[in-house]
There are 4 protein chains.
Amino acid sequence: MTTVRRQQRQREWEALTRRAIEEAVVRLLTKSGSQGFTMEQVAAEAGVAKGTLYLHFKGKKDLLDQVKEASLAPLREELEAIFNADLGPQEKIRELVANQLRYFDERRDLFKVLLEERQVAQLQRTRQQNSRYKYILGRIASVVEEGMRIGVFRSLEAAKVAAMLFEASIAVIGQRLWSDHPAPWEEDARFLVEVFVHGIAARPSSRERTT
Amino acid sequence: MTTVRRQQRQREWEALTRRAIEEAVVRLLTKSGSQGFTMEQVAAEAGVAKGTLYLHFKGKKDLLDQVKEASLAPLREELEAIFNADLGPQEKIRELVANQLRYFDERRDLFKVLLEERQVAQLQRTRQQNSRYKYILGRIASVVEEGMRIGVFRSLEAAKVAAMLFEASIAVIGQRLWSDHPAPWEEDARFLVEVFVHGIAARPSSRERTT
Amino acid sequence: MTTVRRQQRQREWEALTRRAIEEAVVRLLTKSGSQGFTMEQVAAEAGVAKGTLYLHFKGKKDLLDQVKEASLAPLREELEAIFNADLGPQEKIRELVANQLRYFDERRDLFKVLLEERQVAQLQRTRQQNSRYKYILGRIASVVEEGMRIGVFRSLEAAKVAAMLFEASIAVIGQRLWSDHPAPWEEDARFLVEVFVHGIAARPSSRERTT
Amino acid sequence: MTTVRRQQRQREWEALTRRAIEEAVVRLLTKSGSQGFTMEQVAAEAGVAKGTLYLHFKGKKDLLDQVKEASLAPLREELEAIFNADLGPQEKIRELVANQLRYFDERRDLFKVLLEERQVAQLQRTRQQNSRYKYILGRIASVVEEGMRIGVFRSLEAAKVAAMLFEASIAVIGQRLWSDHPAPWEEDARFLVEVFVHGIAARPSSRERTT
DNA sequence: AATGAATGAGGTTTCATTCAT
DNA sequence: CATGAATGAAACCTCATTCAT
């Protein structure tokens, strides 16, 4: 009983230290520019000894990976909730895009750095086979397919559409991160979806096909 | 006269050496993965001494910048030609996208590395003020505006549309670079423009607004 | 009474733990090569916590010393028995050498490691004053002197002869440990004593002195 | 011509630096005990920067190997000269042993350290297959065989005799290095050979066989 | 008595850059 | 101009030992 409680407390403490270290990394990344924190700096910032870092993380790469991972986990949950929500395909897409923009806006400083180094991308598609990335694309594709099934979207390769939508969002997010005075995220989200859904062509008249 | 000719020859030699060094960097980047060539390797690959590198380039960063710059110069010229060509807005956009996809396809190995490290992006928008990037966006925006003026595009913020188009292209290019068997570039280009111009919404029926 | 018994039990438990730890070290030494086990590995292998090691041993050096000590104790007892046995000098020498070779053969793996790092030697003559080493040499010297006294050995410096015999044995043992297919230890022991006792010179004729 | 001379000079300078570094290692080994000099110390002692060490040696292991190698090279040459000299087998053996003892005496401090860590042995028989070691043993064996052929040695396994003689020499050398007041090397050399050649048995009487 | 998280000095190696030749 | 040996600041990582629980 006592043993169990002690283990419990220790695990909590362990998690706390991890968090402290990860947060130190985030602070360093956002503060002193992107191009590489040192383990020494991390230790100092987190208020632990250098060796301690290696008790919690396998090495520098692992530490950075975990930070990236942790920084995206909440977003993933939000997106998952949207996928499972009782919404129509168009609404889901709107929500997905809006959530992404909002999320990155909230942690601007960190993502500015991570995205600049394509760390986010690397995290998402390491070795071109990252399962998380594939999973999200698959989910988006499902939404698109659903839209086609019920007739609100026209028939296109769902997988390609999904990838394009996702990447375009990232692109817009990048845009926003690097511009000094980005428009409100709601506006950009609406714009992105609007273009994506209806295209830029003048509607009634432009009956001519592209190609 | 002799002096002039000698200067001439020297400048040519200087240019030759620069090229040799830059090509050595490209070879190293494509060959041994991305993660950082050393000045030593560059010197060896180029067949010059380490010190020589510093006669032609200010340092490692400068060298890398020049390589990236040089690797994109031809593309910039091609795009410029398209901007100046006697084509309608839609055709121009089609051409622009197609050219980009083709260009990156041709030097897959190099750009895979550069893009993976967001080097291309950094080159294009270093410190959020990169003039080249702004210039291109401005040109694309002009095309879009022209399209609005003559009524083939509907009225949207041209600058935003331009940025979105450009970034979406980059995103698709990234997609293509990292997938092992990408579709022919012509196909992806057509797809990209198709979606961008007409949207994914089912056409006749989808009269409802996207908020 | 209870107190006494408890103390008794505690001392046994303490001895057991020590043994477990020492055996863990031996396993590590023979297993993963020689080049240095870590206290962490020892703890894991012994199934105790790192801190526990320091309750039983002063530090790493002490631990290693104890292991070496323990690994040689049985041999020392065997040799002691021979010294005290009722045998003639030649027989004693034969037995001493034979026993050493056999003993090291039995624990090949461990001694291969210890000898490779001259750990055995260090144990035997740490700081040039190791009393155990001196004790053994003294005992061997006594045997040699006895042989001289009764006329089976010729008159030579007994101390030097003892040292030479002992070191030569160690040398042969080293030889045997490092060769993949050593001859049976009986054979090498016989050979060693034969040469040591009678020399390599052709006998009847070689009356000439060696300077 | 100038180029050649410059290369010549550079190679000499290079050799000089190497020597300086190696000597720094020797000084450190003999001075501050054996158990490990640091590259930092070496650099300081040699009066060069840490990085310089890595221009001349692949790493710490390489550096130590080279030092050991260099410290034994002269001895190897001396022994080679003896092998090739016009001497009888007994004289050759006497000379070989004497030379070894003298050589190690001359550089007592260094070899005390190297031998203590079995570094010499490791150098000589790394991976049980060291060719240099085998070569020397083979040469000694030849001398022994020659002695058998001309009848001064009795018929014994030459290879084993050679190994035993060599190892016994090393053993005596070790003895001498660690004793504070060793006898003159001439004396020990004579003693070693005397025992080795004629044995310790009282001569005329000891007709009985060992075994 | 046992634990094991934390420590932090210490180690090796890399590499962009300089500068005497 | 070209060279390349030398530099030395960092960087990452290990591990024996301590000590609060």
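Each chain gets a letter, A, B and so on, in the order its sequence line appears, and its residues count up from 1.
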query: In terms of side-chain heavy atoms of C:L55, which of E:dT3, F:dT3, E:dA6 is nearest?
result: E:dT3

message: Closest approach to the side chain of D:V48, judged atom by atom: which nucleotide of F:dT7, F:dG4, F:dA2 is it?
response: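 Selected nucleotide: F:dT7.
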
query: Under the side-chain contact (heavy atoms from CB on, under 4.5 Å) test, which residues partner A:D109, sequence neighbours left out?
result: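 Per chain and number, A:D109 pairs via side-chain contact (heavy atoms from CB on, under 4.5 Å) with A:T30.
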
field: Set of side-chain contact (heavy atoms from CB on, under 4.5 Å) partners for D:R18, sequence neighbours left out
entry: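 In terms of side-chain contact (heavy atoms from CB on, under 4.5 Å), with neighbours along the sequence ignored, D:R18 is linked to D:E14, D:E22, D:H56, D:F57, D:Q66.
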
Once you apply the 3.5 Å cut-off to both distances, tell me the Watson-Crick or G-U wobble partner of [N], or none.
N	result
F:dT21	E:dA2
E:dA9	F:dT14
E:dA16	F:dT7

Just how far, in rounded Å, is [atom2] of [N] from [atom1] of [X]?
X	N	atom1	atom2	value
C:I21	E:dA1	CD1	P	13 Å
D:L53	E:dT12	CG	C1'	11 Å
A:F57	F:dT14	CZ	C1'	18 Å
C:R18	E:dA2	CZ	P	13 Å

Any side-chain heavy-atom pair of [X] and [Y] under 4.5 Å:
X	Y	value
D:V26	D:S71	no
D:E45	D:V42	no
A:L72	A:F111	yes
C:D65	C:K61	yes

task: Produce a footprint string for nucleotides 14-19 of chain E: one letter per nucleotide, 5' end first; B if the base is under 4.0 Å from any protein heavy atom, S if only the sugar-phosphate is, - if neither.
output: BSSBB-

- prompt: Would you say C:H56 reaches E:dA1's phosphate, i.e. side-chain N/O to OP1/OP2 under 4.0 Å?
  reply: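 Checking E:dA1 against C:H56, no side-chain N or O comes under 4.0 Å of OP1 or OP2.
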
